[in-house]
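Below is one structure; the comments refer to it alone.
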Amino acid sequence: MPSVLFVCVHNAGRSQMAAAFLTHLAGDRIEVRSAGSSPAATVNPAVVAAMHEVGIDLAAETPKVLTAEAVRASDVVITMGCGDACPVFPGKQYLDWTLEDPAGRGVDAVRQIRDEIEGRVRRLATGLGVALDE
């Protein structure tokens, strides 16, 4: 089973949405993690609201700190604006997704980011050879 780690700075927006979409769409066919290089105290409320609109509940999620162990345990590491904070290990596939940061934005702006992330997650899963739940 492939494993994917999504990393952003605060683990309060982009990486939380990506991990939630991949878990929702791939079920237990992909091991999914998310983390932040400098985690926030809570997930962005606008992100929680935007994900709720598409039937995904992030209300109970909490930001997690990025660890070398999480990177080592993952086949694919997707960074979203965390710069050089992510450790690099041989044999891992690294992708950098340039996405707007939802921090400080309202639900209207977050919807656009959410929809972009969903499309990228769908392409990622397909590229990993994993069928998606609809």
Side-chain angles (χ1 to χ4, degrees):
M1 171 176 24
S3 58
V4 176
L5 169 64
F6 294 100
V7 183
C8 66
V9 176
H10 301 296
N11 191 223
R14 295 167 289 187
S15 57
Q16 287 281 351
M17 287 190 282
F21 271 124
L22 189 54
T23 299
H24 179 75
L25 294 168
D28 60 2
R29 295 178 298 280
I30 297 179
E31 186 176 1
V32 181
R33 298 176 184 83
S34 72
S37 54
S38 180
T42 61
V43 175
N44 180 332
V47 167
V48 173
M51 293 299 284
H52 181 73
E53 292 175 352
V54 295
I56 298 175
D57 185 6
L58 290 180
E61 294 299 322
T62 57
K64 295 165 267 324
V65 69
L66 175 65
T67 65
E69 292 76 31
V71 177
R72 277 192 201 98
S74 302
D75 300 313
V76 180
V77 179
I78 298 174
T79 58
M80 302 175 220
C82 68
D84 296 331
C86 192
V88 176
F89 294 104
K92 307 292 175 196
Q93 178 183 359
Y94 290 87
L95 302 171
D96 185 51
W97 289 358
T98 302
L99 295 159
E100 298 273 339
D101 188 345
R105 296 177 176 231
V107 175
D108 287 340
V110 173
R111 282 185 192 110
Q112 295 173 2
I113 300 165
R114 174 200 68 200
D115 294 345
E116 173 68 21
I117 289 171
E118 180 183 9
R120 290 180 187 222
V121 164
R122 287 178 178 279
R123 290 187 294 277
L124 171 70
T126 300
L128 293 171
V130 174
L132 299 178
D133 297 335
E134 296 299 322

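Positions are given from 1 along the sequence. Atom set for the values below is all heavy atoms of this structure, side chains included, hydrogens, waters and symmetry mates excluded.
- Between R33 and S74, the shortest heavy-atom distance links the atoms NH1-OG, 3.2 Å.
- To the nearest 0.5 Å, atom CD1 of residue I30 and atom CG of residue D28 are 10.5 Å apart.
- The shortest side-chain heavy-atom distance between N11 and V65 does not fall under the 4.5 Å cut-off.
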Walk me through it: do L66 and L5 pass the test side-chain contact (heavy atoms from CB on, under 4.5 Å)? CA-CA 10 Å; L66 175 65; L5 169 64; 4.0 Å; yes

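- Distance check, rounded to the nearest 0.5 Å: OG of S15 to NZ of K64 gives 8.0 Å.
- Atom OG of S34 sits about 11.5 Å away from atom CD1 of I78, to the nearest 0.5 Å.
- Proximity of S38 to V9: side-chain heavy atoms (C-beta onward) are separated by under 4.5 Å at one or more points.
- No side-chain heavy atom of V121 sits less than 4.5 Å from a side-chain heavy atom of L132.
- Using a distance-only test at 3.5 Å, with no hydrogens or angles considered, no donor-acceptor pair links the side chain of R72 to the main chain of F89.
- Rounded to the nearest 0.5 angstrom, D57 CG and M51 CE are separated by 10.0 Å.
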- Task: Apply the test side-chain contact (heavy atoms from CB on, under 4.5 Å) to residues M17 and F6: give CA-CA distance (whole Å), side-chain angles for both, the deciding distance (0.1 Å), then the verdict.
- Result: CA-CA 9 Å; M17 287 190 282; F6 294 100; over 6 Å; no

| request: Walk me through it: do E53 and V107 pass the test side-chain contact (heavy atoms from CB on, under 4.5 Å)? | output: CA-CA 10 Å; E53 292 175 352; V107 175; 3.7 Å; yes

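- For the pair R114 and E118, the salt-bridge criterion is not met [side-chain N within less than 4.0 Å of a carboxylate O].
- Side-chain contact between R105 and E100 is present, with at least one heavy-atom pair separated by less than 4.5 Å.
- The shortest distance between side-chain heavy atoms of P63 and H10 does not fall below 4.5 Å.
- Of all heavy-atom pairs spanning V130 and A26, the tightest one is CG1-CB, 4.0 Å.
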Should Y94 and V7 be marked as a side-chain contact (heavy atoms from CB on, under 4.5 Å) after you check the CA-CA gap, both sets of side-chain angles, and the distance that decides it?
CA-CA 11 Å; Y94 290 87; V7 183; over 6 Å; no

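- Cluster annotation: V54 is connected to I113 through the hydrophobic network of ILVMFWY side chains, with a link wherever side-chain heavy atoms come within less than 4.5 Å.
- Rounding to the nearest 0.5 Å places CZ of R120 at 13.5 Å from CZ of F21.
- A pairwise comparison of heavy atoms in V43 and A12 identifies CG1-O, 3.4 Å as the closest pair.
- Contact check for P102 versus R14: side-chain heavy atoms found under the 4.5 Å cut-off.
- Considering CZ of R122 and CD1 of I117, their distance stands at 13.5 Å, rounded to 0.5 Å.
- For the residue pair D75/Q93, the side-chain donor-acceptor check at 3.5 Å is not satisfied.
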